[in-house]
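See structure below.
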Amino acid sequence: MTKWGKRTEAIHGGTRRSQYGELSEAMYMTQAFVYPTAEAAEARFEKSGPDEFIYARYGNPTNRMFEDRIAAMEGTEDAFACTSGMAAVSGALMALCKAGDHVVSSRALFGSCLYVLEEVLANYGVEVTIVDGTDKAAWEAAIRPDTRLVFLEAISNPTLEVIDLDHVVKLAHANEALVVVDNAMATPIYSYATRLGADLVVYSTTKHVDGQGRMLGGAICGSRELIRGPIETYIKHTGGAINPFAAWTHLKALETLDLRVRAQADSTAKVAEALADHPKLSRMSYPTHPSHPQYDIAIQQAPSGGTVLAIEVKGGKEACFRFLNALEIFIISNNFADAKSIATHPATTTHQRLPQEQKDALGISDGLVRLSIGLEDPADLIADLNQALEAV
Ligand SMILES: *Cc1c(COP(=O)(O)O)cnc(C)c1O
């Protein structure tokens with residue numbers, strides 16, 4: 001558990017040094033481990049200790065360092081690292097639910113999360129109720145005494161809805177339901193999910209943790225009972241463990257995470273301010289900007305709205321594409337939380353396959369652009385956005 005502040009944990013948390021005393025974390029590229037004797041092998045398989053491993057799908061020293069470090073940052077007892085954010089989300093949900101269970105989820109979710117809930121879980125006999133996450137009465141109506149689990153994105157992607165987490169956690173816990181929060185957009189730096197009582201906090205570490213467009217990864221943070229119980233059992237047997245190279249890259253990336261996320265979030269607030277009343281936009285959405293519909297709850301929960309904002313360009317798809325194609329610094333891509341600033345048109349890319357009524361329900365219009373703010377000079381980014389809006 002957390003001993004130091006987040007910045008210190010991000011650099012020293014979970015370190016395990018080999019007999020050589022290396023300064024930088026070692027990358028253990030091994031899938032199996034060896035034993036001095038047959039008796040030692042038998043003993044290791046009976047019960048392996050905290051520094052003892054048997055197979056990398058179950059655990060590896062580099063993976064373990066990353067798990068301990070991200071758990072210390074999040075303030076949870078433990079964590080399990082996965083091949084991707086989706087391996088973490090689907091692993092957490094599949095590990096905890098069985099046929100006949102009831103799950104409640106917010107609607108504004110990352111596309112693959114929505115697929116796992118509506119298609120995968122439903123195919124395995126789990127009843128899933130989807131609600132508007134910003135509607136308190138909808139949560140109250142949906143969560144029942146037999147609800148096993150509640151799933152939500154703390155800040156939704158791509159529309160930046162903010163959910164009153166304290167309210168949902170209290171409702172869920174009063175019904176003995178677990179709360180699983182997908183925390184990709186909220187970032188590990190500004191995370192409030194554990195503090196407000198979430199049982200599991202899931203990260204796509206592909207996003208801010210890597211932050212430089214190299215690695216897929218994911219992590220599930222929570223109590224030792226859940227992580228080393230049903231979560232580890234499910235993921236180690238179904239093959240979702242992170243590979244040691246990705247875990248090592250993530251360890252190095254965590255050293256600079258605080259600096260990167262703070263710089264990106266500061267720039268995002270500046271961009272939000274610059275675009276708030278822009279005549280070429282019908283909407284600008286950033287959780288900690290006073291114009292945001294859930295502003296009061298957003299500022300109560302976190303000191304920053306994160307590194308992503310959404311805008312709606314007037315004039316539909318055509319005007320929006322003209323804007324996107326005129327951008328000089330922003331890159332057209334579907335990632336976010338990268339050092340490079342990125343513009344995404346969800347309606348034709350990440351959410352292209354959704355039926356129109358679902359897009360309408362989620363607010364994914366033809367003019368909507370998700371802007372992920374990178375580490376460039378914020379003045380250059382604002383100038384780039386303004387000149388591209390001029391082109392509309
Ligand atoms: C990216 C993302 C995921 C999936 O992560 P991968 O690492 O791409 O598998 C899940 N949830 C949210 C909110 C995301 O942004």
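Bear in mind that the values here come from a model prediction, so they are computed numbers and not experimental data. Residues take their numbers from the sequence shown, with the count starting at 1.
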Q) Taking the six-membered ring for Trp, is the centroid-to-centroid distance between His289 and Tyr295 below 6.0 Å? A) no

Q.
Evaluate Glu127 against Arg144 for salt bridge (Lys or Arg N to Asp or Glu O under 4.0 Å), listing each step before the verdict.
A. CA-CA 12 Å; Glu127 185 194 345; Arg144 327 187 292 229; 3.0 Å; yes

Q: Using distance alone, with no hydrogens and no angle criterion, decide if Ser191 and Asn183 have a side-chain donor and acceptor under 3.5 Å apart.
A: yes

(Q) Can you see whether Thr187 engages His208 through a side-chain donor-acceptor pair at a distance of less than 3.5 angstrom? (A) no

Q: Taking all heavy atoms of Phe33 and all of Ala56, pick out the closest pair and write down the distance.
A: CE1-N, 4.2 Å

Q: Measure from the side-chain N and O atoms of Gln301 to the backbone N and O of Ile163, and report whether any donor-acceptor pair falls under 3.5 Å.
A: yes

**Q.** Nearest heavy atoms of Ala142 and Thr147, plus distance in Å
**A.** O-OG1, 4.1 Å

Q | Main-chain N/O of Leu171 paired to Trp139 side chain as donor or acceptor, under 3.5 Å | A | no

Q: Taking atom types as modelled, find out whether Tyr203 and Glu74 have a side-chain donor-acceptor pair closer than 3.5 angstrom.
A: yes

Q.
Distance alone, cut at 3.5 Å: any donor-acceptor contact between the side chains of Gln264 and Thr268?
A. no

Q | Steps toward side-chain contact (heavy atoms from CB on, under 4.5 Å) verdict (Lys6, Glu9) | A | CA-CA 5 Å; Lys6 232 175 232 207; Glu9 292 289 3; 5.7 Å; no

Q | Between Thr134 and Asp132: side-chain donor-acceptor atoms closer than 3.5 Å | A | yes

**Q.** Any donor-acceptor N/O pair, Asp384 side chain to Asp380 backbone, under 3.5 Å
**A.** no

Q.
When you compare the side chain of Phe330 with that of Ile373, does any pair of heavy atoms fall below 4.5 Å?
A. yes

Q. With a 4.5 Å heavy-atom cut-off, do Val120 and Val126 have their side chains touching?
A. no

(Q) Quick one about Glu153 and Ser106 (side-chain donor to acceptor, distance below 3.5 Å, no hydrogens or angles considered), yes or no? (A) no

Q.
Can you confirm whether Asp68 sits close enough to Asp78 that some side-chain heavy atom of one is under 4.5 Å from a side-chain heavy atom of the other?
A. yes

(Q) As a quick check of understanding, evaluate side-chain contact (heavy atoms from CB on, under 4.5 Å) for Asn386 and Glu390, giving each step before the final call. (A) CA-CA 6 Å; Asn386 277 324; Glu390 282 303 306; 5.7 Å; no

Q | Ser341 and Glu376 side chains, donor-acceptor separation under 3.5 Å | A | yes

Q | Glu25 bridged to Arg69 by N-O distance under 4.0 Å | A | yes

Q: Scan side-chain atoms only and decide if Asp296 and Gln300 contain a donor-acceptor pair under the 3.5 Å cut-off.
A: no

Q: Please tell me if the side chains of Ile242 and Cys82 come closer than 4.5 Å, counting only heavy atoms from C-beta onward.
A: no

